Amino acid sequence: MHGGAMSDRHFDPAAAEARWQRAWDEAGCFAADRHGDRPKAYVLEMFPYPSGRIHMGHVRNYTMGDVLARYKRMTGHAVLHPMGWDAFGMPAENAAMEKGVHPGAWTRDNIATMRAQLKRIGFALDWSREFATCDPGYYGHEQALFLDLYEAGLVYRRESEVNWDPVDRTVLANEQVIDGRGWRSGALVERRKLDQWFLKITAFADALLDGLGTLDTWPDKVRLMQENWIGRSTGLQFRFRLSDGGSVEVYSTRPDTIFGASFVAVAPDHPLARAAAETDVEAAAFVEQCRKGGTTAAELETAEKRGLRIGVMAAHPFTGAQLPVYIANFVLMDYGTGAIMGVPGHDQRDFEFASTCGLPILRVVAPSVHEADAPLAEADTADGVLVNSDFLDGMRVAEAIAAVVARAEAEGWGEGKTVWRLRDWGVSRQRYWGTPIPFIHCEACGVVPVPREQLPVVLPEDVDFATPGNPLERHPTWKHVPCPRCGRAARRETDTLDTFVDSSWYFLRFASQPADRPFDPAEIARWLPVDQYIGGVEHAILHLLYARFWTRALAHVGRIALEEPFASLFTQGMVTHETYSLGDGSWLSPGEVRRDGADWVRIADGAPVTAGRVVKMSKSKKNVVDPDAIIDRFGADAVRWFMLSDSPPERDLPWSEAGIEGCARFVHRLWRLFGQRDPQAAGVNRALDRRVHQTVAGVAQDIEGLQFNKAVAKLYSLAGEIERAPPSASRSEAIRTLLLLVSPMMPHLAEEAWAGIGEAGLIAEASWPQVDPDLLVEDEVTVAVQVKGKLRDTLTVARGTDGAQLEALALASANVQRAMAGAPVRKVIVVPDRLVNIVT
RNA sequence: GCGGGUGUGGCGGAAUGGUAGACGCCGGGGACUUAAAAUCCCCUGAGCCUUGCUCGUGCGGGUUCGAGUCCCGCCACCCGCACCA
């Protein structure tokens, strides 16, 4: 029975991996242009930042994409599955400061390391299209595209706040601000205004919002998050007359609650606040205090709500009541007009503020007109009817909003307005390791674009990181250039672009890489949009929104004809691991501990270790495992299999030693099974044939739906089924089919076995098995029998047995009769082929 | 604070409103072996008066012949919040 030559050999993952990776390379199987005539499939995973080494999160991400890419190839597609590097960014500069290495050298070393790691895992990538965003051959084109947007009026400059470290005299990223202090200096961070470059993403707010409607294969949660982020709202913008003769413009999405207004508040940056600060020392001190601390929304919104009353009063547009005006730290200058009317009864922030300041809290919306004076323990934001509101009384909220807007417009003190939460995208970074912004500042001519023939503006290599701040700014010669317009001495822009710009069009560059242009429009037409994009949910808003914006902006300037870059999106979960700590709270890595009965101890000295929560793998908690070390021990196929097993791909995947051992066992178990294929065996096993065809169809469906854990479960099942089956022609064919089905997941084992059973050619180029639809259905079914909804028996009957017969069979069951205890039948529900429910 | 998500055995999870726990891991028992590893077979939600019954999908309600699945209200944890990528 065990005739194959393979069964005498053990499967040696290291040898097989090297052999077949070389074979794929030599055959050029994964070059995208290999099958020009086939329908296209562009499979893309978010490209990595070259941080040093590949981590398990990358392996999971790229394994999913790889399985899909290999499957698509087997089902007759021309597949574009590329890889590159998101190579600009802060960590390279940090490394330069800490270790004295050049950011470029550090980055290129990391890329070399990580490329080698990815190759070891056997991904079916078209490496001929690889690039890094820090290549001048990439970022030079980005500069040209930036100039396109500039010419189209989508780029502008304005003042904007940054986190300023007053000791290091440096702009800090949000993550470099810890508890309001600079991470290196420990100085209290301030907000400081700088002239910065902006992209007019708000010009596309409507289009980006509407476009979400076409992305029906994106996860609902991502579309919802983007929708909320764009934050379209309609409301009333209107003016309060001030007691000093001036006025203040406010915006409210709930103008219906206007009769509940008990104060007016402006942002600390609001002109009114600045004016007050000039004349009033107290106001100046308060505004100054508000400038302390970081710039993040979370920080601003969780800060205690504080305000300072200034000398003017605002007149209520309907009642004429004099409302106090405050400068308040919870009012944002970036949203609406930077000023609000405070309605404590129906806005939680206003409620908290009014409570601490002793301002009146009025109810103007109630569940019914009879509850007009129900007390408010907190802000009531529910729908209801207007009360205590003059001409609005009795209206529903929506009706009242329309009424107030109409009245304001008629009387000329306000107008209905659509406001977006989305703000323009600030792309200036006061850093070295990024794409130089291609502009020159001339005292006579102003801001002048670098002429296109002078692109790329290349970063200087000779920079020093001995002191904080932007090395481009203090470089002795780089920024000194003649003005392209008048020829007089001028200086280069020293800000570089946000790295999100780099990742906003890389998927276009993968489709073609001409030297003289960013991309070839014909190749964009051929490959785009990306058919399946896969990455972490942490990119659900920013990266994906920016990439959608760039695509539309490039279409707007005529570079491409494409609205949405990613036809389908999948967001995968994180790889997690148990954490280990000593009594003093210090973390230990998985390699430093071992199990000792029910407990954990440190290997070095037997010290007791606490096994803690299962959390995302991170260097700081030391709960990481290195992919290379795991491949050394178990082989690439076992790691790939683990990445696909058990956890649904959108959820977190807990790494475990036991789990990877189980996967490695299964790899070898399959090898033994493949070795049992006996081409001489005769006879048909119909039941096994059915299982095989059901599995082929099911696995295909699971892979297409990216439900790899379900595909894995089906493959385990089928393997067990085949193992238990006696030899037959059906069984031999089943083994060959199983090999094809596992090949996208365990490509090295599959190639080795494919060759072992004497098949010609590479399994990487084989076709997905055909399904016989007649074999998909069983002819017997198991029907559940319930009494009053509780399972009492099951029946095995021919598929399609009619209802009356099922009912009779059910009533004849002894278990059913006992459960009924003589009660009369009131109703019988029959679901053919599934269930009979007898209600008594 | 705001926005989004998740919750089912010891663990990861499966289940078009229709047999909860497929498949895998761990654990237990057995076979093979001088022995071990490897491999193979069986058992494995809890409880009980064990031909079978009761309970059970984070918690509390509801809809339904029937709810893990639908609705309402909570709790816990995770992700994002515009200069981390």
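Worth knowing before you read on, the calculation uses all heavy atoms, side chains too, and leaves out hydrogens, waters and symmetry mates. What you are looking at is a predicted structure, and each value in this text was computed from that prediction instead of being measured. In what follows, chains are A, B, ... by sequence order, proteins preceding strands, each numbered from 1.
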TODO: Look through every strand shown and name the nucleotide pairing with B:C25 as Watson-Crick or G-U wobble, where both distances are under 3.5 Å.
DONE: B:G10
Open item on the list: Please determine whether any donor N or O and acceptor N or O are separated by less than 3.5 Å between the side chain of A:Q430 and the base of B:C83.
Closed with: yes
TODO: Could you check which nucleotide pairs with B:G66 in any of the strands shown, counting Watson-Crick or G-U wobble with both distances under 3.5 Å?
DONE: none
TODO: Using a 4.0 Å heavy-atom cut-off across all strands, classify A:S645 as base, sugar-phosphate, or nothing.
DONE: nothing
- [ ] Just call it for A:T782: base, sugar-phosphate, or nothing, with non-hydrogen atoms closer than 4.0 Å on any strand.
- [x] base
Open item on the list: Taking only side-chain N and O atoms of A:R834, does any of them lie within less than 4.0 angstrom of OP1 or OP2 on B:G18?
Closed with: no
TODO: Give one of base, sugar-phosphate or nothing for A:G426, where a contact means two heavy atoms less than 4.0 Å apart.
DONE: sugar-phosphate
- [ ] Please state whether the phosphate of B:G13, meaning OP1 or OP2, lies under 4.0 angstrom from any side-chain nitrogen or oxygen of A:R651.
- [x] yes
Open item on the list: Once you apply a heavy-atom cut-off of 4.0 Å, does A:A540 come out as touching a base, just sugar-phosphate, or nothing?
Closed with: nothing
Open item on the list: Using the side-chain heavy atoms of A:M90, tell me which of these nucleotides is nearest: B:A14, B:C79, B:C84.
Closed with: B:C84
Open item on the list: For a quick check of understanding: with a heavy-atom distance under 4.0 Å over all strands, which category does A:V828 fall into, base, sugar-phosphate or nothing?
Closed with: nothing
Open item on the list: Whether A:R594 and A:E657 form a salt bridge (side-chain N of Lys/Arg under 4.0 Å from carboxylate O of Asp/Glu) is what I want to check.
Closed with: no
Task: Pairwise P distance, B:C70 and B:U57 [rounded to whole Å] - done: 15 Å
Open item on the list: Applying the Watson-Crick and G-U wobble criteria at under 3.5 Å, what pairs with B:G3? Answer none if nothing qualifies.
Closed with: B:C79
TODO: Evaluate whether atom CD of A:Q817 has more than 12 neighbouring non-hydrogen atoms of other residues, nucleotides or ligands under 6.0 angstrom away.
DONE: yes
Task: Side-chain N or O of A:K710 closer than 4.0 Å to phosphate OP1/OP2 of B:A15 - done: yes
Open item on the list: Quick check for you: among B:G12, B:U39, B:G4, whose closest atom lies nearest to any side-chain atom of A:K221?
Closed with: B:G4
Task: Parallel, tilted or perpendicular, as decided by the 30° and 60° cut-offs, for the rings of A:Y49 and A:W106 - done: tilted
Open item on the list: Given B:A82, B:C65, B:C84, identify the nucleotide with an atom nearest to the side chain of A:A173.
Closed with: B:C84
Task: P spacing across the pair B:C42 / B:C65, given as an integer number of angstrom - done: 43 Å
Task: Under-4.0 Å side-chain N/O to phosphate OP1/OP2 contact, A:R613 with B:C78 - done: yes
Task: Sugar-phosphate, base or nothing in reach of A:H539, heavy atoms under 4.0 Å - done: base
Open item on the list: Taking B:U54 as the reference, what is the distance to B:A35 when you measure between their P atoms (whole Å, please)?
Closed with: 48 Å
- [ ] Tell me what A:L422 touches on the nucleic acid: a base, only sugar-phosphate, or nothing, going by heavy atoms under 4.0 Å.
- [x] base
TODO: Look at the rings of A:F88 and A:W433 and say which category their plane angle falls in: under 30° parallel, 30 to 60° tilted, over 60° perpendicular.
DONE: perpendicular
Task: Syn or anti conformation of B:G12, syn meaning chi within 90° of 0 - done: anti
Open item on the list: Students often get this wrong, so: under 4.0 angstrom with heavy atoms, is A:Q786 touching a base, only sugar-phosphate, or nothing?
Closed with: base
TODO: Could you work out the separation of B:G10 and B:G80 based on their P atoms and round it to a whole Å?
DONE: 31 Å
- [ ] State whether A:R421 places a side-chain N or O below 4.0 Å from either non-bridging phosphate oxygen (OP1 or OP2) of B:C81.
- [x] no
- [ ] Over all heavy atoms of both residues, which pair between A:R423 and A:I201 is shortest? Give the atoms and the distance, please.
- [x] O-CG2, 3.3 Å
Open item on the list: Over all strands shown, is A:F500 touching base, sugar-phosphate only, or nothing at heavy-atom distances under 4.0 angstrom?
Closed with: base
Task: Selected nucleotide, minimal atom distance to A:M225 side chain, candidates B:G4, B:C78, B:C53 - done: B:G4
TODO: Scan A:K790 against the nucleic acid and name what it touches under 4.0 Å (heavy atoms): base, sugar-phosphate only, or nothing.
DONE: sugar-phosphate
Open item on the list: Could you identify the nucleotide paired to B:A38, looking across every strand shown and requiring Watson-Crick or G-U wobble geometry with both distances under 3.5 Å?
Closed with: none
- [ ] Could you let me know what B:U16 is paired to, Watson-Crick or G-U wobble, both distances under 3.5 Å, or none if it's on its own?
- [x] none
Open item on the list: Within the 4.0 Å heavy-atom criterion, would you say A:S428 contacts the bases, only the backbone, or no part of the nucleic acid?
Closed with: base
Task: Nearest listed nucleotide, side chain of A:R818, among B:A82, B:G18, B:G52 - done: B:G52
Task: Spacing of the P atoms in B:G21 and B:C43 (rounded, Å) - done: 15 Å
TODO: On RNA chain B, check which nucleotide each of A:V839 and A:D652 is closest to and give me the residue with the more 5' one.
DONE: A:D652
TODO: Record whether the side chain of A:Q196 comes under 3.5 Å of the base of B:C83 through a donor-acceptor pair of N or O atoms.
DONE: yes
Task: Distance between P atoms of B:G56 and B:U51 (Å, rounded) - done: 22 Å
TODO: Would you indicate, yes or no, if B:C23 has its OP1 or OP2 atom less than 4.0 angstrom from a side-chain nitrogen or oxygen of A:N709?
DONE: no
- [ ] Measure distances between side-chain N and O atoms of A:R431 and base N and O atoms of B:C83, and say whether any donor-acceptor pair falls under 3.5 Å.
- [x] yes
Open item on the list: Check the phosphate of B:A85 against A:T499, side-chain N and O only, distance under 4.0 Å to OP1 or OP2. Yes or no?
Closed with: yes
Open item on the list: Can you confirm whether more than 12 heavy atoms, excluding those of A:D334, are under 6.0 Å from its CG atom?
Closed with: yes
Task: Which nucleotide in B:G13, B:A85, B:C23 has an atom nearest any side-chain atom of A:A713 - done: B:C23
Task: Rounded distance in Å between the P positions of B:C26 and B:C84 - done: 42 Å
- [ ] Quote, to the nearest angstrom, the C1' distance that separates B:C59 from B:G68.
- [x] 15 Å
Open item on the list: Can you tell me how the ring of A:Y506 sits relative to the ring of A:Y533, calling it parallel under 30°, perpendicular over 60° and tilted otherwise?
Closed with: tilted
Open item on the list: Salt bridge check, A:E93 against A:R429: does any charged N sit closer than 4.0 Å to a carboxylate O?
Closed with: no
TODO: Using only side-chain N and O atoms of A:R665, determine if any of them is under 4.0 Å from OP1 or OP2 of B:A37.
DONE: no
TODO: Could you please name the option among B:C26, B:G3, B:C23 that lies closest to any side-chain atom of A:Y716?
DONE: B:C23
TODO: Using a 4.0 Å heavy-atom cut-off across all strands, classify A:P48 as base, sugar-phosphate, or nothing.
DONE: nothing
- [ ] Report, as yes or no, whether the 6.0 Å neighbourhood of atom CZ on A:R169 holds more than 12 heavy atoms from other residues, nucleotides or ligands.
- [x] no
- [ ] Between A:E352 and A:D646, name the one whose nearest nucleotide on RNA chain B is closer to the 5' end.
- [x] A:E352
Task: Under-4.0 Å salt bridge between A:D702 and A:K714 - done: yes
- [ ] Check every strand shown and say whether A:I829 touches a base, only sugar-phosphate, or nothing at a heavy-atom separation below 4.0 Å.
- [x] base
TODO: Establish, with yes or no, whether the OP1 or OP2 oxygen of B:A82 is under 4.0 angstrom from a side-chain nitrogen or oxygen of A:N174.
DONE: yes
TODO: Name the nucleic acid region contacted by A:V171, choosing base, sugar-phosphate or nothing; use a 4.0 angstrom heavy-atom cut-off, strictly under.
DONE: base
